[in-house]
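Following: one structure in structure tokens, then a few remarks.
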Amino acid sequence: MQTLTVDLGERSYPIHIGPGLLEQTEWLLSHLPQKRVAIVTNTTVAPLYLEKLSRPLRAAGVDVVPIILPDGEEYKDWQTLNRIFDELLGHRAERKTTLIALGGGVVGDMTGFAAASYQRGAPFIQVPTTLLAQVDSSVGGKTGINHPLGKNMIGAFYQPKAVIADTDTLKTLPARELSAGLAEIIKYGLIWDADFFAWLESHMAALRALDPGAISYAIYRSCEIKAQVVAADERENGLRALLNLGHTFGHAIEAGMGYGNWLHGEAVGAGMVLAGRLSLRLGLIAADAQARIEALVAAAGLPVEVPALGLDQYLSYMGVDKKVEGGRIRFVLLKRIGEAFVTAEVPREALALVLPTAR
Ligand code: NAD
Ligand code: GLY
């Protein structure tokens, strides 16, 4: 097992990464203020891992309340969030009852938001079971739900007490979901670490085959970069916005294509391709860098063909983005592989040339 720390003073927390951690609950027990937890999961993950996590907890004398939600991005909404509150109140959960998110980013984001607001703040622990959640969404304390008019528009910054990433859970993950996680891993190379990007170019096949050494290193390095960025800018006043490379376009693709049709990671993959094409069009990066980006995104099994939503529809969805300031859309663009920046100085004509318009 490897352990990293997200350094946030008194709210610092560990990220444990390794195989078999679901059953090694000592990492979890040390964070419980009372011997009571609510495990929030979904109908897909529950049959696979709920009992595996609950059994050793019960054996240690912990009262476990399971809360099983429907599965899907389309359920990341007020109604489903309210079901968590219904269950917590129905079971008389207290302020010191720890909420454990067992699942992917949807379960993690919703459970985190429920924890942030249940009795004005209950402790919570992330137990991510998708690659995307292990490298991104479980770390850094962004929690929330979607609104029909915009993704992740309702939420809170609320840090977990610990993140416990059992790499064995990736063995049951569908290949498409694995690729979605690889998109966020590629993102870290692109915004932060050219050597990591090059390492990914030579290890993509090993990662897709879940080679234990390769997958552990990729998760560790991704969490290390994310922890560094979050420690420097927890509430996204500057640096943290770089973690949204590909996301402004990606959120437009997700919303425009209907939540759940394109996976978040797939939309981010195509969004990074668009961010690269825009950077190339603006003379920021060279054509060979863009070719490497598209080749790596494709090698990860992600779409490089971007949906033709039309410029106005893209602009409309991109206008509902948390990076919008004073009505201006801000884009994360590349200076080179390994370095990104945020700018609102993007002419409409450049966007028109990059965004496919024919339906
Ligand atoms: P997800 O939570 O929908 O999980 C993907 C699918 O895999 C689901 O069907 C899920 O039930 C299933 N699943 C989960 N673990 C499994 C396992 N081990 N074996 C088999 N199936 C399993 O999607 P995701 O990609 O994990 O997360 C996407 C969500 O995360 C989006 O809502 C996105 O907005 C959010 N996100 C949040 C942050 C953040 O910083 N909070 C960052 C990135 C993404
Ligand atoms: N996934 C973007 C962030 O955590 O800031």
Side-chain angles (χ1 to χ4, degrees), residues 6 22 40-50 52-53 68-77 80 101-113 116 126-146 150-160 163 165-185 187-188 191 210 222-223 225-227 229-230 232-248 250-251 254-255 259-260 262-269 271 322-323 332:
V6 183
L22 274 189
V40 184
T41 187
N42 71 22
T43 48
T44 304
V45 178
L48 295 168
Y49 300 116
L50 180 58
K52 221 174 195 170
L53 179 63
I68 301 174
L69 306 176
D71 182 10
E73 180 77 34
E74 62 275 33
Y75 295 106
K76 190 177 165 183
D77 60 9
T80 314
L102 174 68
V106 170
V107 163
D109 281 12
M110 276 198 294
T111 307
F113 189 32
Q126 290 272 18
V127 182
T129 62
T130 64
L131 183 59
L132 184 140
Q134 294 188 353
V135 299
D136 192 352
S137 62
S138 66
V139 175
K142 280 190 182 175
T143 73
I145 54 170
N146 299 328
K151 191 169 157 57
N152 293 334
M153 278 292 135
I154 317 295
F157 284 99
Y158 193 67
Q159 299 293 342
V163 178
D166 183 339
T167 50
D168 279 344
T169 60
L170 302 178
K171 290 177 185 162
T172 55
L173 199 61
R176 198 177 157 201
E177 299 291 351
L178 193 75
S179 292
L182 290 168
E184 305 283 7
I185 294 178
K187 173 188 81 180
Y188 293 115
I191 63 165
L210 283 184
S222 299
C223 287
I225 294 170
K226 180 143 189 189
V229 172
V230 168
D233 178 23
E234 182 186 6
R235 294 202 160 229
E236 200 168 312
N237 293 312
L239 188 69
R240 186 165 180 172
L242 300 184
L243 294 175
N244 291 316
L245 177 74
H247 286 59
T248 305
H251 288 168
E254 270 185 274
Y259 291 128
W262 274 57
L263 300 182
H264 175 75
E266 291 173 336
V268 168
K322 291 186 289 313
K323 286 188 302 308
V332 186

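Order of listing sets the numbers, starting from 1, for every ligand and every atom in it.
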Looking only at non-hydrogen atoms, which of Lys226, Glu177, Met110, Glu74 approaches atom 6 (C) of ligand 1 most closely?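 Minimum heavy-atom distance to atom 6 (C) of ligand 1 goes to Glu177.
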
Pick whichever of Thr43, Leu102, Thr130 has a heavy atom sitting closest to atom 4 (O) of ligand 1.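 Looking at heavy atoms only, Thr130 sits closest to atom 4 (O) of ligand 1.
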
Should the proximity of Thr172 to ligand 1, defined as any heavy atom under 4.0 Å, be assigned to the side chain, the backbone, both, or neither?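 Under 4.0 Å from ligand 1, Thr172 contributes backbone and side-chain atoms.
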
Residue-level breakdown please: for Ala180 versus ligand 1, do any non-hydrogen atoms fall below 4.0 Å on the side chain, on the backbone, on both, or on neither?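 For Ala180, there is no contact with ligand 1 at all, from either part.
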
Ligand 2 contact on Lys226 by region, counting heavy-atom pairs under 4.0 Å: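 Answer for Lys226: side chain.
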
Check Val139 against ligand 2 and report side chain, backbone, both or neither, counting heavy atoms closer than 4.0 Å.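 For Val139, no heavy atom sits under 4.0 Å from ligand 2.
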
Is the shortest side-chain N to carboxylate O distance from Asp166 to Lys52 below 4.0 Å?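 Looking at Lys52 together with Asp166, the answer is no, because their closest N to O distance does not fall below 4.0 Å.
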
Can you tell whether the side chains of Glu236 and Lys142 come within less than 4.0 Å, N to carboxylate O?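 A salt bridge is present here (some side-chain N lies under 4.0 Å from a carboxylate O).
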
Atom indices of ligand 1 within 4.0 angstrom of [X] heavy atoms, with elements:
{"X": "Leu132", "answer": "24 (P), 25 (O), 27 (O), 28 (C), 30 (O), 43 (C), 44 (C)"}
{"X": "Lys76", "answer": "31 (C), 32 (O), 33 (C), 34 (O), 35 (C)"}
{"X": "Thr169", "answer": "17 (C), 18 (N)"}

Between Met153, Met110, Lys76, which is the residue that forms a side-chain contact (heavy atoms from CB on, under 4.5 Å) with Asn146?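 It is Lys76, the one option of Met153, Met110, Lys76 that forms the side-chain contact (heavy atoms from CB on, under 4.5 Å) with Asn146.
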
Can you tell me which residue among Thr80, Asn42, Thr44 is in a side-chain contact (heavy atoms from CB on, under 4.5 Å) with Pro70?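 That would be Thr80; it is the only one of Thr80, Asn42, Thr44 passing the side-chain contact (heavy atoms from CB on, under 4.5 Å) with Pro70.
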
For atom 3 (C) of ligand 2, closest protein heavy-atom neighbour: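 Protein heavy atom at minimum distance: Lys142 NZ, 3.3 Å.
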
If you have a sec, work out which protein heavy atom is nearest atom 43 (C) of ligand 1 and how many Å separate them, to one decimal?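 Result for atom 43 (C) of ligand 1: Asp136 OD2, 3.6 Å.
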
Test of proximity, Asp136 against ligand 2: N or O pairs below 3.5 Å: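 Yes, Asp136 has an N/O under 3.5 Å of an N/O on ligand 2.
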
Please confirm whether Lys151 approaches ligand 1 to less than 4.0 Å, judged on its heavy atoms.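 Distance cut 4.0 Å: Lys151 passes for ligand 1.
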
